[in-house]
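Please read the structure below before turning to the comments.
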Protein chains: 2
Amino acid sequence: MSETLDIGSLLKHTALFQDFDTDDMAVLARDCRQLRIARHDFVFNRGDRADGFYVVAVGAIKLVLPGPHGQRKVIEFFGPGQCFGEPFMFINQPYAADAQAMEDSLLVWIGKPAIDAALDVHPHLARQMLAGLSSRLHTLMRDIETVKLQSANARLVGYLLSLPRKLDRARFPCSKSLVASKLGLAPATLSRALQQLIRDGLILVEGRDVVIPSTTALQRQLQSG
Amino acid sequence: MSETLDIGSLLKHTALFQDFDTDDMAVLARDCRQLRIARHDFVFNRGDRADGFYVVAVGAIKLVLPGPHGQRKVIEFFGPGQCFGEPFMFINQPYAADAQAMEDSLLVWIGKPAIDAALDVHPHLARQMLAGLSSRLHTLMRDIETVKLQSANARLVGYLLSLPRKLDRARFPCSKSLVASKLGLAPATLSRALQQLIRDGLILVEGRDVVIPSTTALQRQLQSG
DNA sequence: CGGAGCATTGAAGCGTTTCAATGTAGGTGG
DNA sequence: CCACCTACATTGAAACGCTTCAATGCTCCG
């Protein structure tokens with residue numbers, strides 16, 4: 001009882017289930033599980049059956065694609081309120097990537113039957129999920145553009161500009177190696193690209209923080225570089 | 001009247017609207033338009049308002065992302081029965097790519113209000129669209145893997161193996177330059193990769209046709225190359 | 001203080017792109 | 001029916017950008 005209530009309160013704060021009332025939530029919660037995942041542990045591995053999906057309550061998850069020669073490429077990061085794994089569930093195929101916790105995390109697992117039932121009753125949920133998938137499709141399209149059409153420096157600049165900013169200060173959400181992987185770069189290349197921008201007086205780097213004195217100056221780099 | 005009937009019969013053959021009855025279809029058709037697009041003409045351009053989406057009745061459409069220096073990268077091809085443009089519609093953002101006809105094509109345009117209404121009534125439609133988007137998300141993830149983690153030869157081999165085959169014969173769906181763009185390669189590189197496979201005795205190329213004597217021999221290339 | 005993990009830097013190597021020249025095929029008009 | 005033209009494909013040589021490897025530096029935490 002306290003378990004299901006708990007799951008309900010976790011999910012109520014996500015965009016997906018905002019319009020669910022207590023009854024809806026109780027039904028849904030029957031087919032949910034809470035999961036605690038320690039930093040560096042895997043939520044699922046490529047090849048596992050995708051008979052449900054996950055919502056992040058607290059923590060941070062990365063989706064990683066293993067390449068043929070042991071390289072790994074980060075595809076997406078997920079934070080609180082976001083869900084992941086549904087694309088595999090919806091097409092009834094095993095996961096094609098690994099999901100790994102970047103921090104100690106608390107997740108809610110939702111079974112496919114529960115979502116199927118909820119979709120029948122809540123057209124709004126369907127629209128939310130359609131919008132969510134669309135948005136990620138959109139992002140991935142931009143990522144392909146980034147990876148193939150832009151130089152390392154341009155990729156970095158684009159990424160820096162996309163980062164949430166407080167005043168003139170942005171912050172990497174994780175280690176630079178992981179950022180590099182997300183951008184499809186070798187860590188060494190990211191490091192060199194950062195140095196380049198520093199030399200050009202466009203940014204300052206202090207650990208995980210990045211100071212951007214002039215956004216417009218950075219944006220100019222995108223056209224010219 | 002003949003117009004709406006016509007649209008109905010075009011849509012009935014797509015996976016998306018298979019379970020629509022005549023009444024449903026009549027309602028939907030009110031907010032649809034037929035479009036004829038000549039080869040090389042654009043269906044929409046990056047930046048256009050996405051207040052609907054498209055279903056291919058006959059023909060072939062490519063989705064192309066323009067890069068900063070005039071390069072262009074093909075993201076997806078769409079053939080009869082497939083739909084495109086919905087991801088932009090669902091997130092209420094302008095198109096981020098160009099859609100261009102590779103052949104003379106016949107399309108059906110469906111307005112957002114019509115789909116919104118249909119989603120309320122047909123949970124099954126929602127599931128179909130969720131599955132469609134999921135599948136494309138999946139494909140794009142593989143494309144990113146391909147583009148970043150695999151060599152030109154491996155990319156080509158993977159693509160050849162994914163092509164529909166009659167006996168030992170496959171066929172490029174379009175010019176080699178476009179295939180190259182889809183694979184994220186320069187046309188010259190694709191040409192060299194093909195020659196390489198021919199030299200290794202793994203394929204024969206006759207114009208747009210590719211003969212694959214041994215699928216398994218090709219697959220072995222994937223692991224080793 | 002010491003160690004582990006991540007970041008930086010340099011030098012070398014590799015794969016892909018670019019450019020330009022040549023080759024080939026399909027379609028048109030003389 | 002042949003000659004031509006345009007678009008696409010091939011091939012070579014050179015250059016570029018990123019990766020790799022390895023050594024060094026830094027920083028946080030036990």
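By convention in this document, chain letters (A, B, ...) are assigned in the order of the sequence lines, proteins followed by strands, and residues within each chain are numbered from 1.
Look at CG on A:Asn153: it is 16 Å from P on D:dC16, rounded to the nearest Å. Per the geometry, CG belonging to B:Leu185 stands 13 Å off P belonging to D:dT10, to the nearest Å. Residue A:Lys176 contributes atom NZ, which lies 14 Å from atom C1' of D:dC28 at whole-angstrom precision. What separates CD of A:Gln150 from C1' of D:dG17 is a distance of 15 Å, to the nearest Å. Atom CD in B:Glu206 sits roughly 16 Å away from atom P in D:dA9 (whole-Å rounding). Between B:Lys148 atom NZ and D:dG17 atom C1' there is a gap of 11 Å when expressed in whole angstrom units. As a whole-Å value, the separation of A:Gln71 CD from D:dC18 P is 17 Å.
Sorted by residue number, the members of residues 186-200 of chain A with any non-hydrogen atom under 4.0 Å from DNA chain D read A:Ala186, A:Ala188, A:Thr189, A:Arg192.
With respect to A:Asp209 and A:Arg169, a salt bridge is recorded, a charged nitrogen being found less than 4.0 Å from a carboxylate O. Salt-bridge check for B:Asp31 with B:Lys112: failed, with every basic side-chain N at 4.0 Å or more from each acidic carboxylate O. Residues B:Lys62 and B:Asp98 are not paired through a salt bridge, judged by the lack of any N-O separation under 4.0 Å between the basic side chain and the carboxylate.
Under the rule for a side-chain hydrogen bond (donor to acceptor under 3.5 Å, both in side chains), the partners of B:Arg136 that lie at least two apart in sequence or sit in another chain are B:Glu76, B:Glu86. Partners of A:Phe53 according to the ring pair (Phe, Tyr, Trp, His ring centres under 6.0 Å) rule, which considers only residues two or more places apart in sequence or in another chain, do not exist here.
Of all nucleotides in DNA chain C having an atom under 4.0 Å from a heavy atom of chain A, the first and last in 5' to 3' order are C:dA7 to C:dT17.
Checked by atom type, the side-chain pair B:Thr215/B:Arg165 shows a donor-acceptor distance below 3.5 Å.
Contacts classified as ring-ring contact (aromatic ring centres under 6.0 Å, His included) and involving residues 175-204 of chain B (residues at least two apart or in different chains) are not found.
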Report task. Could you check A:Gln196 against A:Arg199 for side chain to side chain donor-acceptor pair (under 3.5 Å), going step by step and ending with a plain yes or no? Result -> CA-CA 5 Å; A:Gln196 172 73 26; A:Arg199 244 176 287 129; 3.2 Å; yes
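For the helix from C:dC1-D:dG30 to C:dG30-D:dC1, the terminal axes (five pairs an end, C1' atoms, rotation from four pairs onto the next four) enclose an angle of 30°, given to 10 degrees.
Separation of atoms CG (A:Leu149) and CZ (A:Arg142) is listed at 11.0 Å; rounding is to 0.5 Å. Here the CG-CZ distance, from A:Leu137 to B:Phe90, works out to 11.5 Å after rounding to the nearest 0.5 Å.
Annotation for B:Arg46: atom CZ counts as buried by contact number, over 12 foreign heavy atoms lying within 6.0 Å.
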